[in-house]
Amino acid sequence: MLRMTRVSELLAAGRTFSFEFFPPQTDSAQLSLGRAIAELEPLAPSFVSVTYGAGGSSRQRTRDVVTWVRRETGITPMAHLTCQGHRRDQIAEILADYHSAGIENILALGGDPPADPADARPSDYAYALDLVEDIADDRFCIGVAAHPELHPRSADRAMDRRFLAAKLRRADFAITQFFFEVEHYLQLVEELADLGVTKPVLPGVMPVTNVGQVRRMATMSGADVPTWLVERLDGVDDPIEVRRIGVDVASILCAQLLEAGAPGLHFYTLNRSTATREIYANLGLRRVAQP
Ligand code: FAD
């Protein structure tokens with residue numbers, strides 16, 4: 001049987017379960033990532049994705065990780081790519097390189113502008129849709145980002161959904177920013193359907209393992225950390241207990257998403273395996289590797 005290497009084919013064949021990693025910056029971070037991948041590989045993820053530093057700061061490291069995954073594991077990789085700080089010719093060069101390395105899946109993103117505007121580099125792309133249009137040919141399967149609770153730069157809900165629908169008409173699927181209430185995801189899918197878009201939207205799941213970190217990421221992404229979650233974590237200092245609560249909350253959310261018919265689950269692993277493995281165990285997920 002031919003191995004499926006495009007996320008669109010995997011989604012067409014059934015539910016996907018996938019993991020996000022970021023490219024390590026130090027030797028010890030590299031070892032942690034290697035260990036996380038080794039510990040997660042037995043769960044037979046449908047695919048794994050590797051983030052990209054907006055402006056190209058992780059260009060080589062992202063490439064190293066996706067090509068390593070493709071060469072050394074049986075897992076399908078997906079490379080993230082951002083508009084920020086890229087000229088058209090650079091993007092063409094990156095895509096030609098990925099194509100020759102056998103990478104077929106790209107997550108096309110806007111990318112966040114640098115904290116100091118003085119660090120911004122000129123870009124030929126204003127929005128992720130512009131990047132999608134440059135990538136769109138038969139060499140690649142394309143994913144895009146969706147923001148259930150709206151992106152902080154969205155003018156309003158209707159505009160956000162219209163721009164997302166336009167992106168998804170050209171792309172193959174979307175992955176959402178993390179969220180903690182199933183209703184945010186269901187509403188997003190319904191609003192897209194109202195605009196005539198029914199391409200698969202994979203919910204992004206972030207198990208809370210560090211309260212401060214999740215609060216920071218939520219502020220940047222526009223996600224809400226609900227009061228009930230803050231109250232559950234209030235006064236909990238033991239990191240093992242924080243993870244236990246985070247895994248419990250994420251397991252309930254995943255069960256609700258699967259029950260509601262989500263086409264899969266995409267886990268933000270932060271390059272660690274324990275929380276994801278515990279959620280798998282709670283959900284009774286037992287994956288069988290593709291032959
Ligand atoms: P866009 O689609 O460009 O949207 C950005 C904003 O502009 C939205 O508010 C949208 O409504 C609005 N907009 C879109 N089109 C128009 C238009 N024509 N006119 C006016 N407004 C418009 N960041 C990284 O740097 N590296 C990563 O690897 C990375 N991975 C991610 C993975 C996932 C699954 C997600 C959800 C996010 C990721 N991000 C990453 C963060 C992402 O790059 C930021 O949230 C970024 O600010 C927005 O990206 P986008 O692709 O949604 O952008």
Side-chain angles (χ1 to χ4, degrees), residues 7 16 18-25 47-63 65-66 77-86 91 94 98 103 105-115 119-121 123-135 142-179 184-185 188 191-192 195 197 200-206 216-223 262-271:
V7 174
T16 62
S18 49
F19 307 143
E20 180 187 285
F21 300 114
F22 59 85
Q25 297 206 38
F47 67 94
V48 298
S49 79
V50 182
T51 64
Y52 189 82
S57 57
S58 75
R59 177 170 167 176
Q60 187 59 39
R61 285 180 288 116
T62 298
R63 184 198 188 276
V65 179
V66 281
M78 174 166 74
H80 295 204
L81 192 56
T82 65
C83 297
Q84 280 289 328
H86 276 313
I91 292 291
I94 292 172
Y98 276 143
I103 304 300
N105 303 292
I106 304 281
L107 191 68
L109 300 148
D112 286 312
D119 294 336
R121 301 214 318 253
S123 175
D124 285 339
Y125 304 91
Y127 298 104
L129 175 61
D130 307 331
L131 185 58
V132 170
E133 292 192 331
D134 262 17
I135 301 173
I142 308 172
V144 292
H147 306 272
E149 295 171 83
L150 303 188
H151 186 274
R153 293 200 296 276
S154 300
D156 61 42
R157 193 169 190 96
M159 297 274 270
D160 181 88
R161 295 320 189 223
R162 275 212 303 278
F163 292 134
L164 174 59
K167 247 185 351 184
L168 257 175
R169 284 192 190 99
R170 297 299 310 267
D172 296 293
F173 66 98
I175 301 182
T176 75
Q177 190 53 269
F178 68 87
F179 56 91
H184 293 307
Y185 172 80
L188 168 74
E191 287 162 347
L192 284 171
L195 295 169
V197 176
V201 178
L202 288 170
V205 176
M206 166 87 81
R216 275 194 305 281
M217 291 167 107
T219 309
M220 270 180 68
S221 70
L265 299 171
H266 186 72
F267 292 93
Y268 293 109
T269 70
L270 303 179
N271 291 7

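What you see below is based on every heavy atom in this structure, not just the backbone, and it leaves out hydrogens, waters and symmetry mates. Just so you know, ligand 1 is whichever comes first in the structure, and atom 1 is the first atom listed for that ligand. Just so it is clear, the model here is predicted, and its values are computed rather than measured.
- By the 3.5 Å distance cut-off applied to N or O atoms, L107 is not counted among the residues near ligand 1.
- Here L109 has heavy atoms under 4.0 Å from ligand 1 in both its backbone and its side chain.
- Here the side chains of L270 and M217 are in contact, with some heavy-atom distance below 4.5 Å.
- Side-chain N/O atoms of S18 and H266 include a donor and acceptor closer than 3.5 Å.
- In this structure, NZ on K167 lies 12.0 Å from CD1 on I142, to the nearest 0.5 angstrom.
- Considering R153, Q84, R162, Q177 only, the shortest heavy-atom separation from atom 36 (C) of ligand 1 involves Q177.
- No part of M159 comes within 4.0 Å of ligand 1, judged by heavy-atom distances.
- Looking at E20 next to ligand 1, no N or O pair under 3.5 Å apart turns up.
- The line from CZ of F179 to CG of L188 is 8.5 Å long, rounded to the nearest 0.5 Å.
- Nearest to atom 17 (C) of ligand 1 by heavy atom, out of Y125, F178, F163, is F163.
- When the heavy atoms of A108, G111, A223, A146 are ranked by distance to atom 42 (C) of ligand 1, first place goes to G111.
- Atom 50 (P) of ligand 1 has as its closest protein heavy atom G110 N, 3.5 Å.
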